Student: 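This structure is in structure tokens; I'll ask about it shortly.
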Amino acid sequence: MRIRRDKRERLAEIGMEPYPVGVPVTTTIQAIRAEHGHHEPDHSTGQFVGIAGRILFSRNTGKLCFATLRAGDGTEIQAMLSLANVGEEALEQWKELVDIGDTVFVHGEVITSKRGELSVMADSWQMASKALRPLPVAHKDLNEETRIRQRYVDLIMRPEARQMARTRMAVVSQLRRSFEARDYVEIETPMLQTMHGGAAARPFVTTSNAFDIELFLRIAPELFLKRAVVGGIERVFEINRNFRNEGADSTHSPEFAMLEFYEAYADYRDMARTTRELIQEAAVAATGSMVVTHFDGTQLDLTGEWDEISLYEATSAAVGVELTPETSVADLRALCDKAGVDYAPGWIAGKLLEELFEHYVIPTFTGPTFVMDYPLDTSPLVREHRTKPGRVEKWDLYVNGYEQATGYSELVDPVIQRQRLVEQAELGAKGDAEAMKLDEDFLRALEYGMPPSGGVGVGIDRLLMSLTGLGIRETILFPLVKPER
RNA sequence: GGGUCGCUAGCUCAAUGGUUAGAGCUGCGGACUUUUAAUCCGUAGGUUCCGGGUUCGAGCCCCGGGCGACCCA
């Protein structure tokens with residue numbers, strides 16, 4: 001650092017700005033590669049360009065220097081500085097003052113070297129931005145903590161990190177196009193809420209000084225999007241951040257991006273089809289194919305129709321006993337004991353069944369799978385199944401072994417919805433911190449009449465995990481980390 | 001919340017409780033006009049995450065704390 005600081009001073013002494021307001025670039029490295037990527041070795045194009053890039057490698061010989069320059073899009077080109085072309089002074093200054101990590105400007109002719117490397121043979125050079133800190137060694141992976149804490153360094157060093165930022169945009173913009181093509185309206189609903197709802201999770205709590213009230217960061221936008229449907233926005237979606245005051249691991253982050261969408265006159269099967277199409281369209285936009293190749297080479301096939309299984313039937317088959325909504329808590333506990341599945345004393349039947357399902361059935365999934373028809377008691381916002389009592393019209397979509405999306409035929413009957421939320425409030429009174437609260441304004445909205453509707457939530461970060469094979473802390477550019485020291 | 005593992009030079013990693021904590025790359029000085037992680041010669045670089053303890057002696061053992069990873073809940 002100290003030495004590089006001195007070099008910064010030296011640059012000013014010789015009349016070269018270490019941080020100029022701009023440099024006269026005439027083209028991009030990518031454009032040069034596209035136009036001249038095919039030449040034979042030792043070829044001169046006669047074309048003169050000005051380019052800028054960060055130095056990744058440099059190889060200095062006595063009278064000829066080489067440097068690998070990279071642009072922000074990851075494309076690279078070699079810069080060559082020879083005594084004959086830049087003169088003694090400029091060459092000496094280059095060798096003295098330029099380090100790996102600096103961003104430099106080079107003007108010169110596009111050529112290929114004797115070894116065939118596409119290069120710019122400089123006639124002049126200029127500092128574009130002096131790096132005071134050295135880059136890490138390029139040939140070894142940075143440890144994960146540094147990659148996350150200093151993502152800027154990770155982005156410089158690792159193509160996957162750069163690609164992720166672009167993949168996220170490709171996915172999100174394709175989702176918006178897909179919704180636009182289906183006549184959906186995008187809206188934004190409150191992040192700061194006076195009452196949290198729409199999911200089972202603990203919220204972050206804050207206070208409004210002006211109103212002198214407690215506010216919650218939203219755990220889901222669901223109840224507001226439904227208010228919008230009541231109001232006549234019959235196809236509505238939102239892509240935005242949710243916050244849940246829970247632990248972080250390879251599939252959970254305290255703040256995460258969520259897509260929710262609702263469609264009047266659709267049911268959960270319609271929504272499953274739309275969800276599949278949206279994800280397939282996003283996969284093509286992000287990776288070029290519905291058969292997605294991860295960075296580690298494994299493939300995920302998203303083509304065609306996806307598997308669909310029944311929660312109760314699949315779990316029954318796995319445990320060898322017919323399970324129904326009437327199966328007792330005692331029987332389910334016995335099955336959990338037998339399987340070595342731990343459970344808490346207060347867990348209701350539906351929760352125990354879902355644990356058994358996760359233990360036995362999820363590991364058997366081979367591709368994207370819709371799991372159909374969940375227990376009524378764990379799903380307070382879903383309508384009861386039209387033909388299967390004790391169950392609700394809900395699916396969860398699993399990809400790569402984790403929950404990727406969930407879809408409902410929405411509960412729109414205000415009287416039943418009130419009963420369900422009252423039951424939740426009673427669970428909350430018993431100490432379940434994740435139980436839902438009774439949102440009177442939401443119930444009032446339902447009382448004006450909400451059309452029969454389907455609704456879906458899709459985790460955007462998890463969708464990116466599916467499409468890249470990377471962990472959630474790679475899909476989020478700047479994930480929450482505990483402060484250093 | 002529980003368990004396991006890790007934290008040593010700018011980076012990636014070594015180092016039976018025992019001499020002055022090492023190596024590669026990076027850096028610095030020198031040589032070199034076609035290199036691709038250039039090469040060759042020389043050289044510098046340390047609060048071993050923090051705080052206690054045991055010991056003649058601690059990077060290593062013990063206790064507490066911090067940060068992270070993985071597994072489990």
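Quantities reported herein were computed from a predicted structural model and do not represent experimental measurements. So you know, we letter chains A, B, ... as the sequences are listed, proteins then strands, and number each from 1.
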Student: M157(A) CE to C11(B) P: how many Å, rounded?
Tutor: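 Those two atoms, CE and P, are 12 Å apart.
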Student: In whole angstrom, give me the gap between the C1' atoms of G66(B) and U47(B).
Tutor: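 Per the computed distance, 16 Å lies between those C1' atoms.
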Student: To the nearest Å, give me how far apart CG (L56(A)) and P (U26(B)) are.
Tutor: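 Nearest whole value for this atom pair: 14 Å.
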Student: Among side-chain atoms of E474(A) and T468(A), is any donor-acceptor pair under 3.5 angstrom?
Tutor: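 No donor-acceptor contact under 3.5 Å links the two side chains.
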Student: Select from I148(A) and F66(A) the residue whose nearest nucleotide in RNA chain B is closer to the 5' end of that strand.
Tutor: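 Its nearest nucleotide lies further toward 5', so the answer is F66(A).
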Student: I'd like the C1' distance from C25(B) over to G57(B), given in whole Å.
Tutor: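 That atom pair is separated by 34 Å.
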Student: Base, sugar-phosphate or nothing for N60(A)? Non-hydrogen atoms, less than 4.0 Å.
Tutor: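 Base contact.
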Student: C28(B), C11(B), C67(B): which one has an atom nearest the side-chain heavy atoms of R149(A)?
Tutor: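 Within the option list, the nearest is C67(B).
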Student: Under 3.5 Å, which protein N or O atoms sit close to an N or O of nucleotides 7-10 of chain B? Give each pair with its distance.
Tutor:
none

Student: When you measure from the side chain of T61(A), which nucleotide among A37(B), U33(B), U36(B) comes out closest?
Tutor: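 The nucleotide sitting nearest to the side chain is U33(B).
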Student: Looking only at atom P, what distance separates G17(B) and C62(B), rounded to whole Å?
Tutor: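 Taking atom P in both G17(B) and C62(B), they lie 11 Å apart.
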Student: Are any of R473(A)'s side-chain N or O atoms less than 4.0 Å away from OP1 or OP2 of A69(B)?
Tutor: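 It does, given that an N or O in the side chain of R473(A) lies less than 4.0 Å from OP1 or OP2 of A69(B).
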Student: Determine the Euclidean distance between corresponding P atoms of U12(B) and U55(B); express it in Å to zero decimal places.
Tutor: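 The same atom, P, in both gives a distance of 37 Å.
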Student: Watson-Crick or G-U wobble partner for A37(B), using a 3.5 Å limit on both distances?
Tutor: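 A37(B) is paired with nothing.
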Student: Tell me the interatomic distance from L69(A), atom CG, to U36(B), atom P, rounded to whole angstroms.
Tutor: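 The distance from CG of L69(A) to P of U36(B) comes to 17 Å, rounded to the nearest Å.
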Student: Measure from the side chain of K7(A), starting at C-beta and using heavy atoms only, and say which of U12(B), U36(B), G27(B) lies closest.
Tutor: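 Of all the options, the side chain of K7(A) is nearest to G27(B).
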Student: If you measure from the C1' atom in G59(B) to the same atom in U8(B), how many Å do you get, rounded?
Tutor: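 About 7 Å, rounded to a whole number of Å.
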Student: Would you mind pulling out the nucleotide paired to G6(B), Watson-Crick or G-U wobble, both distances under 3.5 Å?
Tutor: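 Looking at the geometry, G6(B) pairs with C67(B).
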Student: Could you tell me the separation between the CD atom of E92(A) and the P atom of U33(B), rounded to a whole number of Å?
Tutor: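 So the two atoms are 12 Å apart, to the nearest Å.
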Student: Rounding to an integer number of angstrom, what distance separates A14(B) and A9(B) when you compare their P atoms?
Tutor: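 It comes out at 12 Å once rounded to the nearest Å.
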Student: Run the salt-bridge test on R5(A) and E9(A) with the 4.0 Å N-O cut-off and return the result as yes or no.
Tutor: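 No, this pair does not count.
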Student: How is T112(A) classified with respect to the nucleic acid when contacts are heavy atoms under 4.0 Å: base, sugar-phosphate, or nothing?
Tutor: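 Answer is nothing: T112(A) stays at 4.0 Å or more from every strand.
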Student: Measure CZ/R147(A) against P/C11(B) and give the value in whole Å, please.
Tutor: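 Between P of C11(B) and CZ of R147(A): 15 Å.
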Student: Could you tell me how far U39(B) sits from G22(B) if I compare only their C1' atoms? Round to whole Å.
Tutor: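 The answer is 24 Å between these two C1' atoms.
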Student: Under 3.5 Å, is there a donor on one side chain and an acceptor on the other for Q78(A) and T68(A)?
Tutor: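 Not at all, the side chains of Q78(A) and T68(A) share no donor-acceptor pair under 3.5 Å.
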Student: If you only use heavy atoms from C-beta on, which nucleotide in C67(B), U33(B), U34(B) is closest to the side chain of E145(A)?
Tutor: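 It is C67(B).
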Student: Paired with U48(B) by Watson-Crick or G-U wobble geometry, both distances under 3.5 Å: which nucleotide is it?
Tutor: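 Across any shown strand, U48(B) pairs with none.
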Student: Which of these nucleotides, U34(B), U12(B), C28(B), is closest to any side-chain atom of L64(A)?
Tutor: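 The nucleotide sitting nearest to the side chain is U34(B).
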Student: Under 3.5 Å for both donor-acceptor distances, Watson-Crick or wobble: does C11(B) have a partner, and if so which one?
Tutor: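 In the structure as shown, C11(B) has G24(B) as its Watson-Crick or wobble partner.
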Student: Side chains of S119(A) and E117(A): donor-acceptor distance under 3.5 Å anywhere?
Tutor: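 No pair is found: no donor N or O on one side chain lies under 3.5 Å from an acceptor on the other.
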Student: Can you spot which of K394(A), K388(A), R391(A) makes a salt bridge (Lys or Arg N to Asp or Glu O under 4.0 Å) with D373(A)?
Tutor: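 Exactly one pass, corresponding to K388(A).
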Student: Watson-Crick or G-U wobble partner for U19(B), using a 3.5 Å limit on both distances?
Tutor: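 Partner of U19(B): none found under 3.5 Å.
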Student: Considering only G27(B), U34(B), U33(B), which nucleotide approaches the side chain of I100(A) most closely?
Tutor: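 The nucleotide sitting nearest to the side chain is G27(B).
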Student: Could you tell me the Watson-Crick or G-U partner of C61(B), where both distances fall under 3.5 Å? Say none if there is no partner.
Tutor: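 Partner of C61(B): G53(B).
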Student: Taking atom P of U26(B) as reference, at what distance in whole Å does atom CZ of R4(A) sit?
Tutor: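 From R4(A) CZ to U26(B) P: 12 Å.
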Student: Does the pair K351(A)/E354(A) count as a salt bridge with the N-to-O cut at 4.0 Å?
Tutor: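 Here K351(A) does not pair with E354(A) in a salt bridge, since their nearest N and O are not under 4.0 Å apart.
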Student: Would you kindly give the CD-to-C1' distance between E474(A) and G68(B), to the nearest whole Å?
Tutor: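 From E474(A) CD to G68(B) C1': 14 Å.
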Student: Atom CG of N143(A) to atom P of A69(B): distance rounded to whole Å?
Tutor: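 From N143(A) CG to A69(B) P: 10 Å.
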Student: What I want to check is whether the side chains of Q150(A) and T146(A) have a donor and an acceptor closer together than 3.5 Å.
Tutor: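 Checked: Q150(A)/T146(A) side chains show no N/O donor-acceptor pair below 3.5 Å.
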Student: Using the side chain to side chain contact (heavy atoms under 4.5 Å, CB included) rule, pick out the option among D102(A), L97(A), T103(A) that qualifies with K130(A).
Tutor: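 Answer to the side chain to side chain contact (heavy atoms under 4.5 Å, CB included) test with K130(A) among D102(A), L97(A), T103(A): D102(A).
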Student: Checking side chain to side chain contact (heavy atoms under 4.5 Å, CB included) against S113(A), which of M121(A), H43(A), M80(A) comes through?
Tutor: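 The single option meeting the side chain to side chain contact (heavy atoms under 4.5 Å, CB included) with S113(A) is M80(A).
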Student: Taking the inter-plane angle between the rings of H107(A) and F105(A) on a 0 to 90° scale, is it parallel (under 30°), tilted (30 to 60°) or perpendicular (over 60°)?
Tutor: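 Tilted.
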Student: Closest to the K63(A) side chain: A69(B), C67(B), U33(B)?
Tutor: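 The closest nucleotide is U33(B).
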Student: Tell me which nucleotide, if any, is Watson-Crick or G-U wobble paired with G1(B) when both distances must be under 3.5 Å.
Tutor: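 For G1(B), the partner nucleotide comes out as C72(B), under the 3.5 Å rule.
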Student: Side chain of E144(A) only, heavy atoms from C-beta on: which candidate in C11(B), A69(B), A38(B) is closest?
Tutor: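 Per side-chain heavy atoms of E144(A), the pick is A69(B).
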Student: Taking atom P in both G46(B) and G6(B), compute the distance separating them and give it to the nearest angstrom.
Tutor: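 My reading of the P atoms in G46(B) and G6(B) gives 26 Å.
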Student: Could you check D42(A) against L480(A) and say which one's nearest nucleotide on RNA chain B is further toward the 5' end?
Tutor: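 Final value for this comparison: D42(A).
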Student: Among the candidates U36(B), U33(B), G68(B), find the nucleotide nearest to the side-chain atoms of R59(A).
Tutor: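 Per side-chain heavy atoms of R59(A), the pick is U36(B).
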